[in-house]
Structures are given as C-alpha cells and as structure tokens.
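In what follows, chains are A, B, ... by sequence order, proteins preceding strands, each numbered from 1.
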Amino acid sequence: MLDPKLFRNEIDQLAAALKARGYSLDVAAITALEDKRKSLQVSCEALQQERNASAKNIGKAKAQGQDIAPLLAAVDDMKAKLQQAEAELSQLQNELEAILGGVPNVPHSTVPAGLKEEHNVVVSSVGDIPSFDFEPKDHVDLGEALGMLDFETASKITGSRFAVMKGQLASLHRALTQFMLNTHTQEHGYEEVYVPYIVNRESLYGTGQLPKFEEDLFKLDDDREFYLIPTAEVPVTNLLRGEIVEEAQLPLRYTTHTPCFRSEAGSYGRDTRGMIRQHQFEKVELVQFVKPEDSEATLETLTGHAEAILQKLGLAYRKMALCAGDMGFSAAKTYDLDVWLPSQQQYREISSCSNFQDFQARRMKTRYRNSETGKPALLHTLNGSGLAVGRTLLAVMENYQQADGSIVVPPVLRPYMGGLQVISAAGK
RNA sequence: GGAGAGGUGGCUGAGUGGUCGAAAGCGGCGGUCUUGAAAACCGUUGAGUGUUAAAGCUCCCAGGGUUCGAAUCCCUGCUUCUCCGCCA
C-alpha cells in the first residue's frame with residue numbers, strides 16, 4: 001500500500017512513476033472517489049459531533065434530575081441520518097481501499113527503465129562457467145540415471161510438477177538446506193525462526209499476495225480461509241504485523257526454511273521438465289526489518305548474503321537489476337540472482353532479493369519508535385531467497401556432474417553428508 | 001471434543017451504560033540534585049485522522065446488535081489461559 005497522501009496530493013506524479021512499471025493509474029476515478037469521500041466524511045463527522053454533544057447533554061440533564069423527554073425528541077431523526085451517512089462512508093472507504101490496495105509499489109529511482117525481461121540489467125557476473133569435455137546432461141537425466149530422482153512416481157502420488165527424491169540426492173537436498181541456514185545464522189547474523197506453512201488472508205494481504213494474486217495460491221477447503229504459503233516471506237514478514245518495535249532492536253534479521261506451494265496457474269507449458277518449476281519446493285528465506293534510511297544499503301548486503309551461498313558452492317551466477325516492469329507487485333527494487341545451468345547454456349533465476357520500503361509495512365502496520373521524534377514510524381521490509389533449495393540442487397547436479405553420471409559433492413556440503421565426496425548410482 | 005475464565009495504551013493492570021481515550025504502576029522523554037551515573041523527587045508521555053495551529057472525528061481483539069449515549073449490555077467469530085478427554 002502506498003501512502004494515501006500520494007493519491008490525494010500528488011496523484012499525477014504518482015501516475016507517472018507507476019507508468020514506468022507499466023501500471024496505469026485511473027486518476028480520474030480515484031480523484032472522483034476521493035472527493036466524494038472527503039465531503040461525505042466531513043458531513044458524517046459533523047453528525048457524529050452532534051450526536052456526541054447531545055448525548056452528553058442528556059447525560060448531564062439526567063444527572064441533574066431534569067426531564068429529558070424533550071431532549072430525546074430533539075435527537076429523534078438524528079440516529080437514522082447518522083446511520084445512513086456512516087454506511088455510505090464505509091462503503092466508499094471500502095471501495096477506495098480496494099482500489100488503493102491493488103496499486104503496486106513505485107519503483108525506486110535507481111531501478112532500470114523498461115517493461116520486459118530483456119530490459120533487466122546485468123550488474124555483475126561472478127564465477128567461472130564450467131567447461132566439460134563431454135556433453136553435460138540435465139538434472140533430470142542425471143537424477144533418473146542415478147535412480148534418485150523420480151517424476152513419474154510423484155505424478156502418480158499427486159500429479160504433475162512434483163518430485164520424488166531418494167538416497168544420496170535426497171540427502172544432498174537436505175544438506176543444502178542445513179548449509180544455507182548455518183551460513184546465514186552463523187556468518188550473516190540472522191535469527192532462525194520456525195513458522196506456520198498455512199496462513200490467513202490478513203497475512204497474505206500484508207505482504208501483497210492478496211487481493212490481486214489469489215490464483216497463484218493454494219487455498220484450503222476450509223471456511224477459515226487458509227492458504228498454503230507461496231513463500232516464507234509471508235509468515236516471517238507477518239511476524240511483526242501490527243507491532244511497534246523499539247529502535248534499539250533494529251535491524252531485525254530472520255531466516256527460515258520452509259516448503260513453498262505455488263499453483264503455477266498461467267505457466268502451463270513453461271519449464272515442464274524437471275525441478276525448475278514445481279508446485280512444491282523448499283526455500284531458505286532471508287527477511288529484514290530496518291529503519292527507512294537503511295533499506296537501500298540493506299538490499300545490497302542482503303543480496304550479498306544470498307550471493308555468498310552461491311560463491312561457497314562454487315556456482316557461476318550473475319546479479320540482475322530488474323527493470324521497473326519486471327518487478328513484483330510490492331517491490332520498490334529487486335535484484336535477481338541467476339545461476340548457470342550447463343544443460344540450458346543459460347542463467348536461470350535462483351534467488352530474488354527485494355526492498356519493499358514501507359509498502360508492506362503500511363499494509364501490516366509494522367512500525368518502530370523513532371527515537372528522535374518519539375513517534376511510531378513505518379519500518380522498511382526486505383527479503384530474498386537464500387536460496388531456492390530445489391533449484392540449487394539441480395544447479396549443483398548439473399555443474400558438478402562427471403562423465404560417468406556421478407556428481408561430485410561440493411566441498412562445503414561434505415560435512416553435512418558424512419564426508420561423502422561423490423554421489424553415484426552405487427550409493428543408492 | 002467438554003467445562004470454566006480472560007482479551008483494555010510500548011508493557012503490567014483498574015474501569016457502577018453518561019464528564020472515560022481510559023486510574024495506577026513500569027518503561028520512555030524532559031528537569032532538579034550529582035564531577036558523572038544511580039537513587040530520590042518534579043513534570044511529561046496511547047494510536048490514527050484532520051489543521052498553519054486547533055477544534056472535531058475514529059480506535060479498549062474483530063464484526064454485528066440494543067440505546068439519546070457502549071470499554072461497560074447482547075449475539076457471532078477469532079484468540080489466550082486453566083481443568084478434563086483424546087493425541088504425534
């Protein structure tokens with residue numbers, strides 16, 4: 001949610017800024033509604049004032065033992081008038097809120113212009129692209145040949161876009177998670193948290209998945225309106241929904257490992273092979289709450305924390321600054337980290353790190369007490385994948401494969417694998 | 001699943017349908033004292049909206065209702081705690 005004042009006072013500038021990301025703001029409709037709201041609110045408050053004053057007078061008169069019957073008669077029609085005004089106002093406010101809640105964040109001034117993926121800018125490329133003296137296989141062929149990756153059984157159990165892993169590959173998957181969590185908690189200063197994987201509507205509204213992106217989510221058949229989390233961003237960011245934290249506690253850094261569930265509606269036919277795009281995948285998430293003046297720098301360090309994982313794993317990647325039109329709904333600025341996949345001869349997204357500024361915090365009413373003013377002020381929120389575990393697994397498989405189809409375990413993961421150096425069919 | 005008790009400001013916690021946005025304490029902030037700090041004492045201190053500033057308005061878990069008037073009464077939901085039952 002953007003600051004409502006922007007819609008009242010600077011709506012034309014706002015519309016121009018949003019156009020950069022391909023969003024066209026209905027200025028005329030919003031202005032008309034806003035004008036109507038203003039006048040309705042004024043008249044409604046005048047009626048409320050009248051009611052309060054007369055009720056007070058009646059109370060006084062009664063206390064003094066006077067006859068209050070004439071006073072009651074005088075306020076006879078007031079109630080109905082007020083009720084009608086309040087109903088109209090609240091309907092209008094809901095209407096406005098629905099519109100404003102659906103307006104995306106304004107791109108930060110440093111965000112590259114452009115509306116499409118090809119306008120994203122390469123910030124840096126790190127690591128050497130591996131060369132093979134044989135034809136590298138993709139992770140599906142590798143995993144199936146090892147007998148450790150099975151999509152057919154998964155689709156029997158559930159359906160498409162699920163995977164079954166076995167043996168050392170399943171262990172490698174777990175090792176990656178442990179390695180990431182340990183790195184973030186021990187080297188990057190994050191506190192590990194465990195959170196629910198099912199969330200309510202309020203939480204999804206807070207981080208911006210609702211009301212606009214309901215079709216991306218799995219909703220439970222339950223009258224409590226529960227959803228499976230599409231990312232740990234939702235429960236972790238909502239840890240502080242409605243809270244006021246002390247400035248001395250900042251910055252707050254949380255990391256967690258959760259499964260993520262995405263309906264992938266609208267992605268039919270895309271990435272149907274392998275583990276790139278699944279309905280269920282694991283992710284280690286980084287979330288930070290910082291003072292507004294710190295968020296820009298924090299996006300750099302947080303992205304660096306995700307990069308550190310790729311570096312320690314020895315994977316080649318590039319850091320992309322997303323253009324205005326390619327960013328998510330709530331983001332003011334986003335870096336994607338794309339890892340090199342030998343089978344595709346291209347980089348694929350493995351992490352997305354964003355600064356939401358106060359966009360989520362305003363929706364969640366997450367504030368801190370500013371020590372200078374003594375007043376509560378909105379925090380800035382950031383998050384990033386550190387990393388998507390399934391995609392990291394397939395990147396490791398493909399980049400560490402050998403001619404015989406075995407997979408070398410990256411040295412940093414060996415302590416988590418009982419010292420195992422190579423995954424081979426014999427190890428199943 | 002059954003029975004009972006709660007949900008009030010940053011926190012703890014009072015609050016007979018009318019002067020209650022709400023006692024008190026803690027914490028915070030400012031001051032006195034002190035070389036400095038602590039202690040003590042004095043003052044101040046909810047959030048939002050609105051305004052040049054104010055006034056006004058809204059908010060006592062959420063949503064409905066009763067009433068001229070609701071933190072207070074009624075209904076529904078959510079949630080916390082205690083006891084019983086069941087259970088990984």
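- Atom C1' of G64(B) sits at a distance of 31 Å from the matching atom of C11(B), rounded to the whole Å.
- Partners of Thr334(A) by side chain to side chain donor-acceptor pair (under 3.5 Å), not counting sequence neighbours, listed by chain and number: Ser354(A).
- Positionally, the nearest nucleotide of RNA chain B for Glu246(A) lies more toward the 5' end than for the other of Glu246(A) and Phe226(A).
- Rounded to a whole angstrom, the distance from the P atom of A39(B) to that of G28(B) is 9 Å.
- Across all their heavy atoms, Val199(A) and Ser203(A) have their closest contact at CB-CB, 4.2 Å.
- Nucleotide A5(B) forms a Watson-Crick or G-U wobble pair with U80(B), both donor-acceptor distances falling under 3.5 Å.
- A 3.5 Å limit on both hydrogen-bonding distances identifies no Watson-Crick or G-U partner for C60(B).
- Rounding to whole angstrom units, CD of residue Glu202(A) and P of U79(B) are separated by 11 Å.
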- Start with the C-alpha gap between Phe329(A) and Phe359(A), add the side-chain angles, then the distance that decides, and say whether ring-ring contact (aromatic ring centres under 6.0 Å, His included) holds. CA-CA 10 Å; Phe329(A) 176 76; Phe359(A) 189 86; 5.6 Å; yes

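- Contact of Lys62(A) with G18(B) (side chain to base): a donor-acceptor pair of N or O atoms is detected under 3.5 Å.
- U44(B) is paired with G28(B) under the criterion used here, namely a Watson-Crick or G-U wobble arrangement in which both key atom distances are under 3.5 Å.
- Regarding Glu372(A), its CD atom lies at a distance of 14 Å from the C1' atom of C29(B), rounded to whole Å.
- Protein atom CZ of Arg241(A) is 13 Å distant from nucleotide atom P of U79(B), rounded to whole Å.
- With a cut-off of 3.5 Å on both Watson-Crick or G-U wobble distances, the partner of C33(B) is given as none.
- G13(B) and A3(B): their P atoms are spaced 27 Å apart (whole Å).
- At whole-Å resolution of the value, CD in Glu225(A) and C1' in G63(B) are 14 Å apart.
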- Task: Spell out protein contact along nucleotides 47-59 of chain B as letters: B when the base is contacted, S when just the sugar-phosphate is, - when no protein heavy atom is under 4.0 Å; keep the 5' to 3' order.
- Result: SS-S-----BSS-

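- Evaluation of the salt bridge (Lys or Arg N to Asp or Glu O under 4.0 Å) test over residues 177-190 of chain A, restricted to residues two or more places apart or in two chains, returns Glu187(A)-Lys312(A).
- Rounded to the nearest Å, the gap between the C1' atom of U12(B) and that of C60(B) is 16 Å.
- Residue pairs meeting the salt bridge (Lys or Arg N to Asp or Glu O under 4.0 Å) criterion with at least one member in residues 21-38 of chain A, sequence neighbours excluded: Arg8(A)-Glu34(A), Glu34(A)-Arg37(A).
- If you measure from atom CZ of Arg201(A) to atom P of G63(B), you get 16 Å, rounded to the nearest angstrom.
- Tyr317(A) and Glu307(A) share a side-chain donor-acceptor pair at under 3.5 Å.
- Across A71(B) and U79(B), the matching P atoms stand 25 Å from one another, rounded to whole Å.
- G25(B) and A37(B): their C1' atoms are spaced 25 Å apart (whole Å).
- The nearest whole Å value for the distance from the NZ atom in Lys365(A) to the P atom in C61(B) is 16 Å.
- Base pairing analysis places A14(B) opposite nothing; no Watson-Crick or G-U wobble pair with both distances below 3.5 Å involves it.
- The C1' atoms of G48(B) and G6(B) are separated by 27 Å, rounded to the nearest whole Å.
- For the pair Asp294(A) (side chain) and Val290(A) (backbone), a donor-acceptor distance under 3.5 Å is absent.
- For the P atoms, the distance from G15(B) to U72(B) is 14 Å, rounded to whole Å.
- Pairs passing the salt bridge (Lys or Arg N to Asp or Glu O under 4.0 Å) check and including a residue from residues 361-382 of chain A, sequence neighbours excluded, read Asp358(A)-Arg362(A).
- Within the structure, the ring-ring contact (aromatic ring centres under 6.0 Å, His included) test picks out the following pairs touching residues 258-279 of chain A (sequence neighbours left out): Phe162(A)-His279(A), Phe218(A)-His279(A).
- Base-pair partner of C20(B): not found among the strands shown (Watson-Crick or G-U wobble, both distances under 3.5 Å).
- Taking side-chain N and O atoms only, Lys79(A) has a distance below 4.0 Å to OP1 or OP2 of U67(B).
- We find that CG of Leu82(A) is positioned 13 Å from P of C68(B), with the value rounded to whole Å.
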